[in-house]
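Below you'll find the structure I mean.
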Amino acid sequence: MCSITALAHLRAAVLFFLDISGSCGYSIAQQAALLHSIKSLFMNKPLIIVCNKTDLQPLEGISEEDKKFVAEMKAEAMKTVIGQGGEATNDEGVLLTMSTLTEEGVIAVKNAACERLLNLRVKLKMKSKKINDGLNHFHVAMQKPSDNKERPPCIPQVVLEAKAKQAAKKEKRHTEKNLENDDGGAVVYSASWKKNYILANDEWKEDAMPEILDGHNVYNFVDPDILHRLEELEREKDTGR
Ligand SMILES: *[C@@H]1O[C@H](CO)[C@@H](O)[C@H](O)[C@H]1NC(C)=O
């Protein structure tokens, strides 16, 4: 609740993530109830309902009852559009679907949130006194064509080459996700905590850490030959020498 309240004081867009597959353990009805209980905190910000995990459950496939809950949530988000001077007919970026597994819709969600936030900020700025005082100082020049000559954009060859080089580099980049996929996938792969250690010698990274007890290094008190000596002792005892 603390972070939700903090959110109310930030000039931010609010994304309400809904798990329509229900695999998180909460039904759509319960998630809708949560939204309705906290929505009043977000009324002056762009609110976006994001249906997540569409790989498990497409939005079209949910029950009629659940559809009603989603529609109600969408109506709440619509209020934030209208409250910020938007048109009641424009429901763009209000209810979105995405899946982190297939990465479908993720970028669209990000873009929609940024777009609505930006629009709101511009609107607020235009309303402020400062801008009206200064507006007559601004002039936006728009070029008019003086002839009908075609002037397509020209990208110099060197730039194109540099770009291609950059793209190739990006493709080769080995992210932690690549490593995971190469090395057994999720659950099986375990990331190395040590690989980014900054040491004088890279070979030391995987070294075992000394175990310290009462200020002493335990290893200093380990006798590597102890089993051997024990055997010797036993033998001595048996032969009675
Ligand atoms: C969306 O669903 C995925 C898969 O269950 C989950 O890992 C992720 O945290 C969810 N995203 C959000 C923002 O809730």
Side-chain angles (χ1 to χ4, degrees), residues 1-81 83-84 86 90-121 170 173-193 195-196:
M1 276 321 284
C2 238
S3 37
I4 291 169
T5 315
L7 210 55
H9 294 279
L10 295 173
R11 210 189 287 165
V14 176
L15 284 79
F16 189 86
F17 281 86
L18 187 65
D19 178 357
I20 49 169
S21 72
S23 65
C24 64
Y26 294 97
S27 66
I28 294 184
Q30 284 168 316
Q31 297 177 67
L34 173 65
L35 174 69
H36 293 306
S37 69
I38 57 177
K39 67 187 176 193
S40 50
L41 287 170
F42 308 147
M43 270 308 138
N44 56 352
K45 338 189 163 299
L47 173 63
I48 299 168
I49 309 292
V50 186
C51 302
N52 191 14
K53 306 195 194 178
T54 50
D55 52 289
L56 290 178
Q57 169 71 65
L59 183 58
E60 302 76 45
I62 61 177
S63 72
E64 285 306 316
E65 206 191 342
D66 283 340
K67 274 185 188 157
K68 233 169 49 204
F69 286 124
V70 173
E72 274 169 21
M73 283 192 261
K74 184 180 171 185
E76 285 306 330
M78 250 342 266
K79 281 187 203 163
T80 68
V81 174
Q84 283 142 26
N90 179 16
D91 65 355
E92 220 174 286
V94 173
L95 178 75
L96 295 165
T97 56
M98 66 169 241
S99 158
T100 35
L101 189 71
T102 63
E103 296 185 358
E104 197 180 289
V106 175
I107 299 295
V109 167
K110 189 189 113 192
N111 289 346
C114 290
E115 183 85 1
R116 286 192 56 197
L117 189 58
L118 190 68
N119 284 343
L120 176 65
R121 289 191 176 187
K170 205 168 176 188
R173 212 180 66 173
H174 229 54
T175 62
E176 198 60 35
K177 197 167 179 180
N178 295 142
L179 287 176
E180 182 184 87
N181 289 339
D182 293 350
D183 239 342
V187 184
V188 175
Y189 173 75
S190 88
S192 163
W193 297 104
K195 69 178 173 194
N196 294 324

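Counting convention: from 1, in listed order, for ligands and their atoms alike. For clarity, every value in this text was computed on a predicted model and none was experimentally measured.
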Heavy-atom side-chain contact between Tyr189 and Leu179 under 4.5 Å: yes

From Leu15 atom CG to Met98 atom CE, the distance as rounded to the nearest 0.5 Å: 9.0 Å

Shell of residues surrounding ligand 1, defined by a 4.0 angstrom heavy-atom cut-off that is strict: Phe17, Asn52, Lys53, Thr100

Partner of Leu18 by side-chain contact (heavy atoms from CB on, under 4.5 Å), out of Val50, Val70, Leu59: Val70

Partners passing side-chain contact (heavy atoms from CB on, under 4.5 Å) against Glu92 (at least two apart in sequence or in another chain): Asn90

Pairs satisfying salt bridge (charged side-chain N to carboxylate O under 4.0 Å, His left out), at least one member in residues 21-46, at least two apart: Lys39-Glu76

Within residues 96-121 or reaching into it, pairs that qualify as salt bridge (charged side-chain N to carboxylate O under 4.0 Å, His left out) - sequence neighbours excluded: Glu103-Lys177

